[in-house]
> 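Below is a structure I'd like to ask you about.
Note on naming: letters A, B, ... go to the chains in the order of the sequence lines (proteins, then strands), and numbering restarts at 1 for each one. These numbers come from the heavy atoms of this one structure, side chains and all, not from hydrogens, waters or symmetry mates.
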2 protein chains.
Amino acid sequence: MSNKATLKNIAEMLQISISTVSRALKDHPDIAKETKRKVRELAEVMDYEPNAFAVYLRTQQSKVLGLIVPEISNFFYHSFVASIEQEARKRGYTLLILQSGNNPEIEEANLKLCKLNRVAAIFVALTSETNDIAVFKRIMVSGIPIIFFDKVPDDNQCIKVTMADTDIGKLAAKTIHQHKKKNVLALFGNPNMSITRKRKQGFVNELKKLSPLIEIATSTATSTKEAKSLALEALQSPKKIDTIFCMSDEILTGVIMAINQLHLSMPDQIAVLAISNGFIPKLTNPSITYIETSGAMLGEKSMETLFEVLDKGISKKTELITSKLIQGGSI
Amino acid sequence: MSNKATLKNIAEMLQISISTVSRALKDHPDIAKETKRKVRELAEVMDYEPNAFAVYLRTQQSKVLGLIVPEISNFFYHSFVASIEQEARKRGYTLLILQSGNNPEIEEANLKLCKLNRVAAIFVALTSETNDIAVFKRIMVSGIPIIFFDKVPDDNQCIKVTMADTDIGKLAAKTIHQHKKKNVLALFGNPNMSITRKRKQGFVNELKKLSPLIEIATSTATSTKEAKSLALEALQSPKKIDTIFCMSDEILTGVIMAINQLHLSMPDQIAVLAISNGFIPKLTNPSITYIETSGAMLGEKSMETLFEVLDKGISKKTELITSKLIQGGSI
DNA sequence: AATATTTTCGCAAAGGTTTGCAATATAGGA
DNA sequence: TCCTATATTGCAAACCTTTGCGAAAATATT
């Protein structure tokens with residue numbers, strides 16, 4: 001069975017020991033140059049690749065990173081994944097991408113899967129339904145670092161990388177104020193999530209401060225459909241709103257549907273401002289003005305944080321990413 | 001260190017042998033009921049999970065499925081992944097999701113990664129730039145089954161699961177013919193891909209057959225941007241087209257942008273028909289009529305095919321999935 | 001009571017790699 | 001020639017699980 005490319009086979013063919021082969025391939029100083037050359041040559045032609053499973057078994061160090069997100073088909077997470085993936089590839093890591101489908105049970109199952117696969121670390125964007133992070137804590141104490149990103153828990157005893165959500169809310173408020181709007185409908189997502197609470201708080205407080213006389217109606221829309229019907233209702237009601245603020249792409253999608261259905265034009269008949277990743281806003285004419293939440297930036301920062309954690313063994317830290325306004329024509 | 005949950009530790013604590021523990025956990029008939037009970041109980045409280053790496057090393061059977069797609073952030077692949085994932089979870093498999101970013105080099109690197117991780121099988125949707133599948137063939141002969149889906153190679157000596165693209169093209173043609181359209185702009189993607197060629201062939205041939213007098217202008221658009229400018233150009237040209245056919249969501253997106261920009265209304269000023277996964281078409285008003293390509297169905301069929309391959313060891317087969325028209329108001 | 005049968009369990013090897021330590025070889029020095 | 005230092009290499013254990021085969025114990029049969 002000399003066909004499989006293993007250390008053992010290389011050793012046999014070269015009539016040297018397995019350990020010598022192993023060290024030669026790792027450029028260990030103990031090994032003679034000539035031996036190294038021979039080993040490397042044969043390894044090359046045999047297309048040798050170390051068996052990751054055996055390596056793990058011996059070193060207990062897997063080169064796999066877990067990634068758990070509610071849904072990956074979403075521009076934000078996608079750009080996040082893309083940037084993580086790129087960096088991971090450079091460092092020889094593999095990404096184990098798992099989706100929880102916004103279901104805490106699947107989320108937990110995925111967590112278990114990560115543990116089973118002995119991942120080196122896990123990136124987690126929480127489900128909007130997750131309100132108990134005890135499971136995660138258990139994994140953390142078992143020695144696998146967890147980096148929460150985007151949808152993070154309130155708890156401060158963990159590693160978090162997230163957008164500066166309060167600031168984003170404030171920026172939205174400032175934008176609306178600058179345009180002298182009078183009557184705003186603000187649509188927010190699931191109020192259980194800290195991301196929602198922070199954006200809402202930043203937005204509402206700032207807007208009230210800047211424009212004390214403005215009318216602000218806030219509503220909760222946990223789906224595109226809901227956002228659409230809320231928008232339709234508001235747009236058809238007698239007391240006319242002049243602006244809709246959407247805290248996410250999911251909501252923005254519903255609002256666009258409503259506006260299209262009523263054949264309203266932006267920004268004169270209705271102004272729109274959103275927090276978005278940039279795909280949906282470009283679909284309309286004029287394009288929608290939005291505050292960009294960059295998955296790529298979040299990814300980079302998360303990766304940086306990860307290696308900090310891996311190297312220095314920190315166990316709590318909060319990283320905030322700032323973002324900027326992208327001017328469209330909707331306000 | 002009796003803290004880690006391994007067979008060895010369980011065995012020590014119970015003063016029995018490792019093999020007995022292993023068999024007890026597997027409900028092997030050789031083991032006494034009482035012993036099984038004790039082992040299971042302890043395993044439970046110790047939260048024992050077999051070490052996947054050790055299992056692989058021994059059995060050479062990994063419970064990981066590779067999945068390589070150009071981009072996962074795309075409704076079609078997403079629903080595909082979702083359905084594969086669900087089924088995989090049921091059977092105790094993990095999905096290793098890899099994106100090639102439409103780059104054949106990364107695609108090859110990912111393939112290598114799958115090999116390195118000794119996956120049980122690989123699902124592949126090819127890059128539009130991939131024209132040599134020799135690398136894949138090598139993997140196949142090395143014993144890892146590959147299931148090509150969606151973007152499949154022309155070669156018939158492999159396993160393919162794909163939409164019935166020629167039929168889809170024909171269905172589109174039939175729909176346009178039924179609406180008595182006279183002047184059609186048909187936008188297709190990368191002509192290197194068999195999916196493009198088949199859709200185009202089915203569409204053009206059928207339409208010419210049904211409506212010999214119709215004017216058909218076909219163009220190639222390999223990006224949303226390109227689709228947009230092609231549509232703008234056509235819509236503003238003197239010889240007025242009455243219908244645009246889009247072979248993909250990517251193209252449809254560009255076309256919608258163009259239509260929005262020119263403030264045209266569907267279906268009277270311009271009719272639109274697309275092949276799509278259903279998200280983009282619902283964004284407009286009226287919504288766009290499309291022929292649905294269901295990632296979920298493709299996923300199910302792929303998974304079925306996989307287990308057929310795994311069980312019966314087939315090495316070539318082509319599965320075709322049919323699809324249907326979803327009526328919107330754009331034609 | 002002695003033998004045959006069945007039930008229950010343990011031994012040991014294998015899978016591929018890493019690594020501390022021991023062993024051998026070579027060279028330099030006295 | 002013998003000893004010490006250095007350069008190379010090999011041995012063997014460990015990581016954790018699975019599994020064929022044999023051993024021991026319990027039970028059944030005569």
Side-chain angles (χ1 to χ4, degrees), chain A residues 1-40 42-43 46-64 92 115-120 142-143, chain B residues 1-40 42-43 46-64 92 115-120 142-143:
Chain A
M1 310 303 158
S2 62
N3 45 357
K4 283 198 301 183
T6 67
L7 292 184
K8 192 176 168 188
N9 281 329
I10 296 181
E12 265 171 22
M13 301 184 75
L14 255 33
Q15 295 286 358
I16 54 179
S17 82
I18 295 177
S19 34
T20 304
V21 178
S22 173
R23 280 188 260 251
L25 255 15
K26 293 199 146 39
D27 207 16
H28 191 287
D30 269 10
I31 306 299
K33 269 187 237 154
E34 177 58 15
T35 314
K36 279 184 192 169
R37 197 189 51 74
K38 274 195 280 188
V39 170
R40 277 203 276 251
L42 184 55
M46 287 181 69
D47 197 20
Y48 170 79
E49 291 288 353
N51 183 317
F53 293 83
V55 172
Y56 166 80
L57 205 54
R58 177 60 227 242
T59 63
Q60 304 282 6
Q61 300 225 40
S62 100
K63 285 289 214 177
V64 178
K115 195 182 159 199
L116 207 79
N117 283 75
R118 262 70 174 183
V119 298
S142 90
Chain B
M1 309 316 158
S2 63
N3 45 357
K4 285 198 302 183
T6 68
L7 292 184
K8 191 178 170 187
N9 281 327
I10 296 181
E12 265 171 23
M13 301 184 75
L14 254 35
Q15 295 287 356
I16 55 180
S17 82
I18 296 177
S19 35
T20 304
V21 178
S22 173
R23 281 189 258 252
L25 255 14
K26 293 201 144 39
D27 207 18
H28 191 287
D30 268 13
I31 306 300
K33 267 187 238 153
E34 178 58 14
T35 314
K36 280 183 191 169
R37 196 188 54 72
K38 274 195 281 189
V39 170
R40 277 203 275 251
L42 185 55
M46 287 181 68
D47 197 19
Y48 171 80
E49 291 288 353
N51 183 317
F53 294 83
V55 172
Y56 164 80
L57 207 53
R58 178 60 228 241
T59 62
Q60 305 280 3
Q61 301 224 35
S62 101
K63 286 289 212 176
V64 177
K115 197 183 160 199
L116 209 77
N117 283 76
R118 262 70 176 181
V119 298
S142 90

> Give me the residues of residues 31-39 of chain A where at least one heavy atom lies under 4.0 Å from an atom of DNA chain C, by number, or none.
none
> Using whole Å, report how far CG of A/Asp30 lies from P of C/dT24.
17 Å
> If you compare every side-chain N and O of B/Lys8 against the phosphate oxygens of D/dA14 (OP1, OP2), does one of them come in below 4.0 Å?
no
> Could you walk me through whether A/Leu42 and A/Val21 pass side-chain contact (heavy atoms from CB on, under 4.5 Å), step by step?
CA-CA 10 Å; A/Leu42 184 55; A/Val21 178; over 6 Å; no
> State whether the distance check finds a donor on one side and an acceptor on the other, under 3.5 Å, for side chain A/Arg23 versus base C/dG20.
yes
> Side-chain N or O of B/Tyr48 versus OP1/OP2 of D/dT17: is the shortest distance under 4.0 Å?
yes
> Check the distance between D/dC11's P and A/Leu7's CG and give it to me in whole angstrom.
15 Å
> Looking only at side-chain atoms of B/Asn51, point me to the closest of C/dC11, D/dG10, D/dT17.
D/dT17
> Side chains of B/Arg37 and B/Glu34, heavy atoms from C-beta outward: is any pair under 4.5 Å?
yes
> Between C/dG10, C/dT17, D/dT8, which nucleotide gets closest to the side-chain atoms of B/Thr20?
C/dG10
> Would a distance-only check, ignoring hydrogens and angles, find a side-chain to backbone donor-acceptor pair under 3.5 Å from B/Ser22 to B/Ile18?
no
> Quick one: pull up CG in B/Asn51 and CZ in A/Arg118 and give me the separation to the nearest 0.5 Å.
4.0 Å
> B/His28 has an atom NE2; how far is it from atom P of D/dG20, in whole Å?
8 Å
> Quick check for you: among C/dG16, C/dT17, D/dC16, whose closest atom lies nearest to any side-chain atom of A/Lys4?
C/dG16
> Using the closest heavy atom to pick a nucleotide of DNA chain C for each, name whichever of B/Val55 or B/Ser19 lands nearer the 5' end.
B/Ser19
> Please report, rounded to the nearest Å, how far the P atom of C/dG16 is from the CD atom of B/Gln61.
14 Å
> Could you tell me how far apart A/Phe53 (CZ) and D/dA14 (C1') are, to the nearest whole angstrom?
19 Å
> Would you call A/Leu7 and A/Leu25 a side-chain contact if the rule is heavy atoms closer than 4.5 Å?
yes
> Measuring from the side chain of B/Ser17 (C-beta onward, heavy atoms only), which nucleotide among D/dT19, C/dG10, D/dT9 has the closest atom?
C/dG10
> Considering heavy-atom distances to DNA chain C, does B/Gln15 or A/Ile18 have its closest nucleotide positioned more toward the 5' end?
B/Gln15
> Atom CZ of A/Arg118 to atom P of D/dC16: distance rounded to whole Å?
8 Å
> Let me know the distance between NZ of A/Lys26 and C1' of D/dT9, rounded to the nearest Å.
17 Å
> Side chain of A/Ile16: nearest nucleotide among D/dG10, D/dT17, C/dG16?
D/dG10
> Do A/Arg40 and A/Asp27 have side-chain heavy atoms sitting under 4.5 Å apart?
yes
> With sequence neighbours left out, write down each residue that passes side-chain hydrogen bond (donor to acceptor under 3.5 Å, both in side chains) with B/Asp47, or none if nothing qualifies.
A/Lys115
> Mind checking side-chain hydrogen bond (donor to acceptor under 3.5 Å, both in side chains) for B/Lys63 and listing every partner two or more places apart, or none if nothing turns up?
none
> Can you identify which nucleotide, out of C/dT17, C/dG10, C/dG15, has its nearest atom closest to the B/Leu57 side chain?
C/dG15
> Looking only at side-chain N and O atoms, does A/Gln60 come under 4.0 Å of OP1 or OP2 in D/dC16?
yes
> Which whole-number value in Å describes the distance from B/Leu25 CG to C/dC9 C1'?
15 Å
